[in-house]
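Below is one structure, written out as structure tokens; comments come after it.
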Amino acid sequence: MFAVLTLVPAAPAATEPCTCALNWTDPDSGHACSEPQSGCPPVACDGPYPPWCVVESLPCADPDPDSGINTGLYGGNWIHCEPEYSPTPPSYPPPPPFAVVRIGALLPRQLPSGELMHLGRAEDLTSVLMAIQEINNKTDGVADDLLPNTQLLLSYRDSRCDPDFGFDAAYELLRRAFGGAGVHALIGAFCSSASISAARLSALADTPQVSHASTSPDLSGDDFPFFARVISSDSLLSVGLAETTRNLLGIKRVATIACTDAYCTAGMAAFEAAASAQGITVLESVRFENGQSNFGEPLAALHASRATVFVAIVHSQDAARLLEQALDLRLVGPKYTWVGEYGMFEAARVLGDHGVLEPFRGMLAITNSIAPSVAYDGYASRKRARPSTLGDGTNCDPAEDDEGHKLWSVDTDENAMAPRCFGANNQFPESVYASRAYDAVYAVAHAVQALVDDPLVQRIDGDALMAALLAVRFDGVTGKVSFSSEPATLGDRAGGVLYDVMNVNASGAWVKLGTWQPADNWEQSFAGNGQALTRPTPDNSKPPELAGDTLRVGVFCDISPWFIVYEKCQHVMHIIDRINDKKDGFLDDLLPDHTLFYSMVQTGTTGCAESEAIRRQFDQLYSDLNGVVATIGPFCSDDVAAVTAAEWRAGADISTVVLSPSSTAPILANVGAYPNLLRLSSNDKHV
């Protein structure tokens, strides 16, 4: 940084009027003048004793009113600079190619409200600093052969996990950092909404951006050609959530809840698409605003859905309030199971630290995993050895970036002399994102190394650097790091994708059930570790998929709309919808506090099915609804006899009522042989 001079030499000799110029250089460093005052570029000089450069848009001539000499006393703030067109310019050798690479860190320190972020975000910045310092140090035994003749410089800006703040911070790094030279690459942002704003700018500036934490599926693809990430897209995590819900929990009906920003919206859309592919029905999809304090209405909507499994995609700060209020409303075990991703996992871990996680037994979460490796162990050991940046309790850590910006303190509007401290103590377990921030820096460094090794490349070009980044392959501390070059998934992490499947046990502690990774089927995707699944029920039995004040009805229907049985099924489903609608003026007083849920199987024939076939369909209805109160159908007397026969029912422990609209065989009147049967047509004996 340049120091602002306040002393002016006495009695300078009169000189010829100076000439205005737009570009100025510092005679000591040879670098362009920086913009220390309100972002104004230097536009005028003030005589040759010594040469001055004014940083305010003042007239070129600014003479002393008495002597007419340009003294510098009557103007703005002055910096000791020389004009580029000086008759005797200083001679400086050009820096060698790739001598310096400028890195911009776009990481959150505050929320938009001004509140400090969770200190886990400080761990992310620490890992960025650690990576840069290790690459710059050529004698510490860590990556000494990577960019041996290059120094990485850092400029930091606060994205505040917000699209508007993220846009402004990215602009500062891309266009104004380092005296207007800008950065060669961005690391970040953390939140997807901020990354999306920054990615639009980085594309315009032809500057690669590597995020360590932004997982929104909206960031995938060639809409953001200069964006890459070392964390996997939520399009993969959402498949994992859906597969785990269907195969591990055995659930086919859920309600969902998510915030409204880019991360939550795209993530939930991906989950609901994956759930549909798994045969899961979303009974209710609830949304809330980021930062919302009262979750009464969203939680009431979840309760009204009658679902007993709630899938949530939320940020950790919102998840904490959501879970606390769900506990107050008793939307927790033994009836209910919560399923989520890292935001839910982190919030529940905080609840566990306060001893209030036990009511959430059975909760499932899928979080990004790191496979054990020598590389990660070395990283963890070195990071633990770093000093804390939390300050001494009175003063914040004084460290600055390479532009002189404070890294670990935030000035307050109320008292500029009392900054708030923001730092990390580098203890483990750390944020799942910190190690990925470390790998993000190394990904950029490996890409720059590829340019250095190319004899045809003499400077860092944004297009060339992005192409090199997409071609990077290296073993990072988070696993094998590589990026997709496919148009639909451009920039997404392609290697080292792994998730932990976590479960809250009966003691209210998180335990790992195994890992999930993308594969062709559940057997290949999920690798269990022998840990048994804990459910919310006291006896660990599978709870009903629907809340107790529901009636579960199975419907037998014909597969073809041309058959009369199909028409009957349409009538059945229509009347169920009318009973469930309590505001249509039709049977509103019938079962006012209950909801009818139905599942339909198609018989595929106009006649009677074989006994075992119709019984398998009955079992399917029973499984789909996790128990059936009654069935409408079958319609054929032989089918009715097959599913109401006392001997078969006793063996299968089934007491479901069967209402047959059209079976008329006299033998079915034997209540002992065919219990719990009601027929709505006349007995053929009477006919």
Side-chain angles (χ1 to χ4, degrees), residues 105 107 118-137 140-147 152 187-188 190 210-215 228-233 236-237 240 341-342 345-346 349 365-389 424-447 449 469 472-483 492-502 510-518 527 529 531:
L107 302 174
H118 186 276
L119 291 183
R121 304 294 72 77
E123 296 173 0
D124 301 353
L125 179 55
T126 298
S127 291
V128 169
L129 287 169
M130 177 176 165
I132 289 175
Q133 290 166 359
E134 288 179 354
I135 294 170
N136 285 342
N137 187 334
D140 62 354
V142 181
D144 290 348
D145 295 329
L146 181 61
L147 298 176
L152 303 184
I187 303 298
F190 178 82
V210 185
S211 175
H212 64 299
S214 296
T215 58
R229 48 185 163 190
V230 291
I231 195 165
S232 52
S233 166
L236 297 178
L237 180 143
E341 32 58 89
Y342 182 74
F345 172 76
E346 186 66 22
R349 190 167 68 173
I366 293 185
T367 68
N368 284 276
S369 178
I370 298 173
S373 68
V374 173
Y376 181 80
D377 290 344
Y379 156 82
S381 177
R382 296 192 303 275
K383 190 169 183 183
R384 286 191 185 98
R386 293 179 67 87
S388 169
T389 55
N425 60 12
N426 307 319
Q427 299 304 303
F428 280 66
E430 67 169 3
S431 154
V432 298
Y433 305 109
S435 53
R436 288 172 171 81
Y438 179 90
D439 273 353
V441 176
Y442 271 84
V444 172
H446 280 284
Q449 184 68 63
L469 183 66
V472 155
R473 303 286 188 277
F474 71 98
D475 290 326
V477 301
T478 61
K480 293 185 179 299
V481 178
S482 61
F483 302 100
D492 282 354
R493 181 162 182 166
V497 177
L498 189 68
Y499 297 93
D500 287 335
V501 180
M502 307 296 293
W510 281 111
V511 295
K512 182 176 175 178
L513 300 181
T515 59
W516 183 92
Q517 59 185 337
N529 59 9
Q531 179 72 43

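Note that the structure is predicted; figures quoted are calculated from it, not measured. All residue numbers refer to positions in the sequence shown, counting from 1.
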query: What is the minimum heavy-atom distance between Val441 and Ile132, and which atoms define it?
result: CG1-CG1, 3.9 Å
- prompt: Can you tell me how far the CG atom of Asp145 sits from the CD1 atom of Ile135, to the nearest 0.5 Å?
  reply: 12.5 Å
Side chain to side chain contact (heavy atoms under 4.5 Å, CB included) partners of Asp140, counting only residues at least two apart: Glu134, Asn137, Val142, Asp144
task: Quick one: list whatever passes salt bridge (Lys or Arg N to Asp or Glu O under 4.0 Å) with Arg386, sequence neighbours left out.
output: none
- prompt: So, does Arg382 use its side chain to make a donor-acceptor pair with the main chain of Gly378 at under 3.5 Å?
  reply: yes
query: Hey, mind stepping through Asp492 and Arg229 against side chain to side chain contact (heavy atoms under 4.5 Å, CB included) and telling me if it holds?
result: CA-CA 6 Å; Asp492 282 354; Arg229 48 185 163 190; 2.9 Å; yes
- prompt: So, for Phe345 and Ala365, which heavy atoms are closest and what is the spacing to 0.1 Å?
  reply: CB-CB, 3.9 Å
- request: Indicate yes or no: at least one non-hydrogen side-chain atom of Leu152 is less than 4.5 angstrom from one of Leu147.
  value: yes
- prompt: Would you say Glu123's side chain and Ser431's backbone share a donor-acceptor pair under 3.5 angstrom?
  reply: yes
field: CA sep, side-chain torsions, deciding dist, call: Tyr438, Tyr379, ring pair (Phe, Tyr, Trp, His ring centres under 6.0 Å)
entry: CA-CA 9 Å; Tyr438 179 90; Tyr379 156 82; 4.9 Å; yes
task: May I ask you to test the Thr478-Val230 pair for a side-chain heavy-atom distance under 4.5 Å?
output: no
Contact summary for Leu236 and Tyr499, nearest pair of heavy atoms: CB-OH, 3.8 Å
- prompt: Going by heavy atoms in the side chains, are Val477 and Tyr442 under 4.5 Å from each other?
  reply: no
message: As an exercise, state the distance from CG of Asp439 to CD1 of Ile370, rounded to the nearest 0.5 Å.
response: 8.0 Å
- request: Please name the pair of heavy atoms, one in Ala443 and one in Val472, separated by the smallest distance, quoted to 0.1 Å.
  value: O-CG2, 3.8 Å
- prompt: How many angstroms lie between atom CD of Glu430 and atom CG of Asn425, to the nearest 0.5 angstrom?
  reply: 11.0 Å
query: What closest approach, in Å, do Ser482 and Gly495 show between heavy atoms, and which atom pair accounts for it?
result: OG-N, 3.3 Å
message: Rounded to the nearest 0.5 Å, what separates atom CG in Leu107 from atom OH in Tyr433?
response: 13.5 Å
- prompt: Can you name the nearest heavy-atom pair linking Asn529 to Gly514, along with the distance?
  reply: ND2-N, 3.8 Å
- request: Report yes or no: do Thr126 and Lys383 form a side-chain donor-acceptor pair below 3.5 Å?
  value: no
N/O donor-acceptor pair under 3.5 Å between Asn426 side chain and Ala385 backbone: no
query: Do any N or O atoms from the side chain of Asp500 and from the backbone of Ser369 form a donor-acceptor pair under 3.5 angstrom?
result: no
query: Once the angle between the rings of Phe190 and His212 is folded into 0 to 90°, is it parallel (under 30°), tilted (30 to 60°) or perpendicular (over 60°)?
result: tilted
message: Whether the side chain of Gln517 engages the backbone of Leu498 through a donor-acceptor N/O pair (distance < 3.5 Å, no angle test) should be reported.
response: no
message: For Thr215 and Leu237: C-alpha separation, side-chain torsions, deciding distance, then whether side chain to side chain contact (heavy atoms under 4.5 Å, CB included) applies.
response: CA-CA 9 Å; Thr215 58; Leu237 180 143; over 6 Å; no
- prompt: When you look at Lys480 and Asp475, which way does the side chain to side chain contact (heavy atoms under 4.5 Å, CB included) test go after all the steps?
  reply: CA-CA 4 Å; Lys480 293 185 179 299; Asp475 290 326; 3.0 Å; yes
- request: Check step by step if side chain to side chain contact (heavy atoms under 4.5 Å, CB included) holds for Asn368 and Tyr342.
  value: CA-CA 8 Å; Asn368 284 276; Tyr342 182 74; 5.6 Å; no
query: Rounded to the nearest 0.5 Å, how far does CG of Leu129 lie from CG of Asp124?
result: 11.0 Å
